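Encoded as structure tokens, the structure appears first; notes follow it.
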Amino acid sequence: MVDLDHTRLPRHVAVIMDGNGRWAEQRGLSRLHGHRVGKESVRAIVEKSRELGIAYLSLFAFSTENWNRPPREVDGLMTLLRKYLASELGRMMRHGIRLLAVGSLRRLPPAVREALQASVAATRNNTGMTVTLAVSYGGREDITQAVRAIARRVKRGELDPARITEDVVEAHLGTHGVPDPDLLIRTSGEMRISNFFLWQLAYTEIYVTDTLWPDFREREYLQALAFYQQRQRRFGRTGAQVERERLHAV
Ligand code: IPE
Ligand code: IPE
Ligand code: MG
């Protein structure tokens with residue numbers, strides 16, 4: 001049993017869902033089979049987050065670099081994404097889940113893009129929890145498109161370069177309005193960010209587990225949350241400062 005302090009849960013959990021391919025290969029199955037089982041982990045983690053009252057959950061589903069995989073795997077993943085959206089819409093509505101999508105959606109096959117946009121539109125007024133799907137997403141690309149948009153505003157004379165603050169940059173990112181993640185989970189043991197939320201992860205606590213994504217279910221999730229609760233978040237200050245503030249807060 002994992003003991004969680006329900007008053008100190010992260011507001012925003014982000015997940016790099018990795019290891020589907022290896023999970024399948026270890027069993028002599030196709031990589032796509034791994035992605036299909038991984039979809040069940042997505043459902044489990046979304047539901048558990050909702051139950052715990054976690055306000056924001058962000059899932060890295062497909063990176064800009066993943067377009068370089070064999071076309072068959074890319075096609076399979078796109079079909080899976082479309083089916084996932086179709087099968088989950090009812091559940092998202094029932095659970096009050098608002099879906100957001102970040103990434104270069106223009107690169108998606110039209111049927112996938114339309115399904116994504118339809119789910120985002122249908123769930124826009126839900127207030128239970130916000131799930132952000134990062135698809136065709138790259139952190140560098142997100143920052144680059146923000147720079148481009150800001151440059152355009154400067155060129156039009158709408159914005160003085162001296163007034164470009166961190167808040168202005170944030171406002172042009174795909175994730176604007178979503179607070180930075182408190183906890184990043186990466187499955188399958190890789191100690192890297194793989195071009196996920198580069199800006200947004202500046203002060204996020206990082207949890208890496210060897211568990212492969214298809215095996216990452218409620219128990220593993222609770223372990224990650226328990227790890228988070230053991231961290232002292234200092235944001236550059238000293239441990240003594242943080243401790244003093246904590247005592248004053250209660
Ligand atoms: C994560 O699993 C899913 C995607 C990147 C789409 P992988 O497909 O990367 O699985 P491994 O890392 O090859 O095991
Ligand atoms: C990161 O996993 C992207 C997603 C989980 C969607 P990858 O499997 O693509 O990462 P690398 O290439 O091993 O770093
Ligand atoms: Mg991988």
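In this text the structure is predicted, and so the values were computed from the model without any measurement. As a basis for the values below, the full set of heavy atoms in this structure was taken, side chains included, without hydrogen atoms, waters or symmetry mates. Numbers here simply count residues along the sequence, with the first being 1.
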Kindly list each side-chain donor-acceptor pair under 3.5 angstrom involving residues 27-34, sequence neighbours excluded, with atom names and distances?
unit_1	atom_1	unit_2	atom_2	d
R27	NH1	W23	O	2.9
S30	OG	H33	N	3.2
R31	NE	E73	OE1	2.8
R31	NE	E73	OE2	3.3
R31	NH1	E25	OE2	3.1
R31	NH2	E73	OE2	3.3

Can you list everything that forms a ring-ring contact (aromatic ring centres under 6.0 Å, His included) with [X]? Sequence neighbours excluded, please.
| X | value |
| --- | --- |
| F196 | F60 |
| Y228 | none |
| Y84 | none |

Inset, instruction - Take L225 and I54 through the side-chain contact (heavy atoms from CB on, under 4.5 Å) test and state the conclusion after the steps. - result: CA-CA 11 Å; L225 294 170; I54 288 170; 4.1 Å; yes

Legend entry - Straight-line distance of L85 CG to M92 CE, nearest 0.5 Å: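 L85 atom CG to M92 atom CE measures 6.0 Å (nearest 0.5 Å).
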
Inset, instruction - First locate atom CD1 of I45, then atom CG of L57, and finally report the distance between them rounded to the nearest 0.5 Å. - result: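 Spacing of CD1 (I45) from CG (L57) equals 8.5 Å.
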
Cluster question for you: counting only ILVMFWY and a side-chain heavy-atom cut-off of under 4.5 Å, with indirect links fine, are [X] and [Y] together?
| X | Y | result |
| --- | --- | --- |
| V120 | V46 | yes |
| V131 | F62 | yes |
| L212 | L184 | no |
| L59 | F216 | yes |

[X]: hydrophobic cluster co-members (side-chain, 4.5 Å):
| X | answer |
| --- | --- |
| Y203 | F235 |
| L100 | Y56, V178 |
| V242 | none |

Heavy-atom pair of closest approach, residues [X] and [Y]:
| X | Y | answer |
| --- | --- | --- |
| G177 | E170 | N-OE2, 3.4 Å |
| S58 | H12 | OG-NE2, 2.7 Å |
| P181 | L201 | CG-CD2, 4.0 Å |
| L99 | S119 | CD2-CB, 3.6 Å |
| A226 | V2 | CB-CG1, 3.5 Å |

Legend entry - CA sep, side-chain torsions, deciding dist, call: L81, L133, side-chain contact (heavy atoms from CB on, under 4.5 Å): CA-CA 10 Å; L81 180 57; L133 271 190; 4.1 Å; yes

Inset, instruction - Determine, step by step, whether S136 and W67 satisfy the side-chain hydrogen bond (donor to acceptor under 3.5 Å, both in side chains) criterion, reporting the C-alpha distance in whole Å, the side-chain angles of both residues, the deciding distance to 0.1 Å, and the verdict. - result: CA-CA 8 Å; S136 185; W67 287 115; 2.9 Å; yes

Assess whether atom [atom1] of [X] is packed by more than 12 heavy atoms of other residues, nucleotides or ligands within 6.0 Å.
| X | atom1 | answer |
| --- | --- | --- |
| D5 | CG | yes |
| R91 | CZ | yes |
| E166 | CD | no |
| R124 | CZ | no |

Inset, instruction - Step by step, work out the side-chain contact (heavy atoms from CB on, under 4.5 Å) result for S194 and E65. - result: CA-CA 9 Å; S194 299; E65 289 72 23; over 6 Å; no

Can you list every pair that meets salt bridge (charged side-chain N to carboxylate O under 4.0 Å, His left out) and has a residue in [range], with sequence neighbours left out?
| range | result |
| --- | --- |
| residues 217-231 | K48-E218, E205-R231 |
| residues 172-192 | D18-R186, R22-E190, D182-R233, E190-R192 |
| residues 241-250 | R237-E245, E243-R246 |

Legend entry - side-chain hydrogen bond (donor to acceptor under 3.5 Å, both in side chains) partners of R107, counting only residues at least two apart: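 For R107 there are no side-chain hydrogen bond (donor to acceptor under 3.5 Å, both in side chains) partners, ignoring immediate neighbours.
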
Do [X] and [Y] have side chains that get closer than 4.5 Å, going by heavy atoms?
| X | Y | result |
| --- | --- | --- |
| N195 | S63 | no |
| L105 | L116 | yes |
| L9 | Q229 | yes |

Legend entry - Check ion pair R50-E47 (N to O, under 4.0 angstrom):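 Not counted as a salt bridge, because no side-chain N and carboxylate O are separated by less than 4.0 Å.
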
Inset, instruction - Could you list all the side chain to side chain donor-acceptor pair (under 3.5 Å) pairs where at least one residue sits in residues 92-106, not counting sequence neighbours? - result: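 The answer is R98-T130, S104-E141.
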
Inset, instruction - Give the ring-plane orientation class for Y137 versus F197, where under 30° counts as parallel, over 60° as perpendicular and anything between as tilted. - result: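 Aromatic pair Y137/F197 classed perpendicular.
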
Inset, instruction - For side-chain contact (heavy atoms from CB on, under 4.5 Å), just list the numbers for L52 and L222, CA-CA rounded to whole Å, side-chain angles, deciding distance to a tenth of an Å, and then say yes or no. - result: CA-CA 10 Å; L52 289 169; L222 295 178; 4.3 Å; yes

